[in-house]
Amino acid sequence: MDRRVVITGLGGLCGLGTDVGSIWKGMREGRSAIGPIINAQLHGLEGAIGAEIKTLPEHDIEPRQLLSMGRFSLLAVLAAREAMRQSGLSCDEGNAHRFGAIVGAGFGGYDATEKGYRDVLLGGASRVELFSGVKAMPSAAACQVSMSLGLRGPVFAVTTACASGNHAIASAVDQIKYGRADVMLAGGSDAAFVYMMMKAWEAMRVLAPDTCRPFSADRKGVVLGEGAGMAVLESYEHATARGATILAEVAGIGLSADASHIAAPAVHGPEGAMRACLADAKLNPEDVEYLNAHGTGTKANDQIETAAIKRVFGEHAHSMSVSSTKSTHGHCLGAASAIEMIACVMAIQEGVVPPTANYREPDPDCDLDVTPNVPRERKVRVAMSNAFAMGGTNAVLAFKHV
């Protein structure tokens with residue numbers, strides 16, 4: 001259980017771009033990818049906005065495999081392949097059984113489910129498409145990553161709404177620490193631009209009509225995004241033995257539950273997860289230079305997260321840099337914290353804190369240094385990433401420079 005776990009490869013896609021370099025550039029510049037949704041079949045939801053991936057990158061995934069893949073699975077596979085390329089690893093008969101994948105999904109293949117309903121109930125079809133079921137299952141992305149790369153170690157899915165990415169990374173760390181695997185691919189993927197999902201979020205009255213403004217007094221709610229983020233995780237010994245470039249160490253994990261309300265956030269759960277993360281990493285509050293906030297842009301979430309941060313960090317809460325990159329890539333649900341992991345690792349690598357974009361008005365209930373609109377050069381040796389999901393499932397990760 002004392003094995004150190006490090007990150008040696010990153011991959012990602014979201015509205016900001018289709019690789020880690022372009023995602024980080026957009027985050028760092030505070031460029032918002034939020035705008036009209038033009039590619040998704042939203043069946044009459046005119047004027048819907050989101051952080052959409054406009055064009056997918058070229059790839060050589062076999063057509064036969066593509067037939068059985070929904071959009072969230074495809075995004076996960078593309079991100080996993082990029083992460084593998086950066087890591088310099090390959091999977092073969094000699095190491096496949098020590099190489100696994102865990103992919104978080106908040107909602108999974110709702111595009112396949114909705115198409116099936118429309119084909120049969122509205123279109124009069126007698127059956128749904130052959131692979132509808134396997135496209136829709138939440139574990140589909142993990143399975144497709146495994147098949148695409150030949151991974152035969154621990155492979156499964158994690159689904160905890162908006163904390164799924166962090167929970168998947170935490171679970172992958174455990175596989176390595178317990179000795180079940182030497183290398184794991186982990187992260188999250190979601191593609192929720194489908195009619196039913198948009199209407200469900202609309203019914204909760206949390207969608208912003210214009211853009212996402214976390215911590216700004218004039219914020220009006222969430223803007224959805226789509227995407228995937230993946231990391232190659234391996235034991236420190238495994239990485240150093242092969243001369244790998246280490247991007248960061250997963251220094252601590254904190255998990256908790258609110259046990260209070262299925263949709264409304266609470267202070268005690270996020271507070272407990274952040275405290276547990278610091279304890280697991282053997283860090284003091286003042287060791288954290290950057291905190292990537294959950295920061296959804298709703299009135300309640302941002303106020304409560306601010307209160308929880310103050311409880312945990314005390315006076316240091318006003319000294320460290322905080323930002324919500326959801327202001328640039330939207331809320332990517334099961335992929336959100338996996339994409340925000342990229343922000344933390346790159347902040348450590350480059351010494352730049354990405355800003356909270358679209359910020360306009362100070363809120364006395366959100367009085368932290370939220371890095372408004374402009375990136376900040378700052379040496380970051382430790383970064384923390386918050387993920388607080390509907391249902392009160394919380395997952396916080398700490399990343400450290402090696």
Side-chain angles (χ1 to χ4, degrees), residues 12-17 22-38 47-54 162 190 192-193 198 201-202 204-227 229 265 290-306 309 320-333 335-344 346-347 352-378 383 385-388:
L13 306 86
C14 68
L16 290 172
S22 56
I23 291 172
W24 172 240
K25 185 175 186 292
M27 288 178 175
R28 188 180 57 209
E29 295 174 350
R31 174 174 59 83
S32 176
I34 295 167
I37 298 170
I38 61 174
I49 63 168
E52 183 184 33
I53 300 171
K54 301 304 184 186
C162 316
D190 248 336
F193 290 145
M198 297 293 287
W201 282 86
E202 178 185 86
M204 294 180 69
R205 300 179 182 178
V206 296
L207 290 180
D210 50 0
T211 194
C212 180
R213 305 185 189 280
F215 303 111
S216 185
D218 61 345
R219 63 191 182 276
K220 295 180 180 179
V222 173
V223 176
L224 297 183
E226 63 176 349
Y290 171 50
L291 189 149
N292 187 290
H294 188 58
T296 62
T298 68
K299 288 289 184 183
N301 176 89
D302 294 358
Q303 289 178 5
I304 286 173
E305 185 171 12
T306 299
I309 291 169
M320 68 181 177
S321 296
V322 177
S323 72
S324 171
T325 54
K326 287 184 178 70
S327 58
T328 64
H329 53 70
H331 193 341
C332 297
L333 306 175
S337 53
I339 293 168
E340 289 151 15
M341 171 266 300
I342 294 171
C344 289
M346 294 308 298
V352 176
V353 172
T356 301
N358 309 317
Y359 185 91
R360 295 198 299 201
E361 299 178 22
D363 181 345
D365 292 321
C366 301
D367 58 346
L368 304 175
D369 177 5
V370 298
T371 322
N373 299 317
V374 179
R376 180 169 303 138
E377 291 189 9
R378 177 170 188 169
S385 176
N386 284 349
F388 309 138

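The model shown is predicted, which means the values in this text are computed figures rather than measured ones. We number each residue from 1, following the sequence as shown.
Residues that satisfy the side chain to side chain contact (heavy atoms under 4.5 Å, CB included) test with A33, not counting sequence neighbours, are L16, A51. Residues forming a ring pair (Phe, Tyr, Trp, His ring centres under 6.0 Å) with H294 (at least two apart in sequence, or on another chain): H331, F388. Scanning for side chain to side chain contact (heavy atoms under 4.5 Å, CB included) contacts around A338 gives an empty result, with sequence neighbours left out. With sequence neighbours excluded, no residue forms a side chain to side chain donor-acceptor pair (under 3.5 Å) with E361. Every side chain to side chain contact (heavy atoms under 4.5 Å, CB included) that I304 has, sequence neighbours left out, goes to P265, V267. Applying the salt bridge (Lys or Arg N to Asp or Glu O under 4.0 Å) rule to E52 yields the partners K54; only residues at least two apart in sequence or on another chain are considered. For K299, there are no side chain to side chain donor-acceptor pair (under 3.5 Å) partners, not counting sequence neighbours. Listed by chain and number, the residues in a side chain to side chain donor-acceptor pair (under 3.5 Å) with D365 amount to none (sequence neighbours excluded). For I49, the side chain to side chain contact (heavy atoms under 4.5 Å, CB included) partners at least two apart in sequence or on another chain are I34, V223. Take R360 and apply the side chain to side chain donor-acceptor pair (under 3.5 Å) test, not counting sequence neighbours, and it matches D218.
In this structure, the separation between CE on M27 and CD1 on I342 is 6.0 Å, given to the nearest 0.5 Å. With rounding to the nearest 0.5 Å, the separation of CG in N373 from OG in S323 is 11.5 Å.
Taking the side chain as every heavy atom from C-beta outward, T296 and E305 never approach each other to under 4.5 Å. Put simply, the side chain of P375 reaches to within 4.5 Å of the side chain of P355, judged on heavy atoms.
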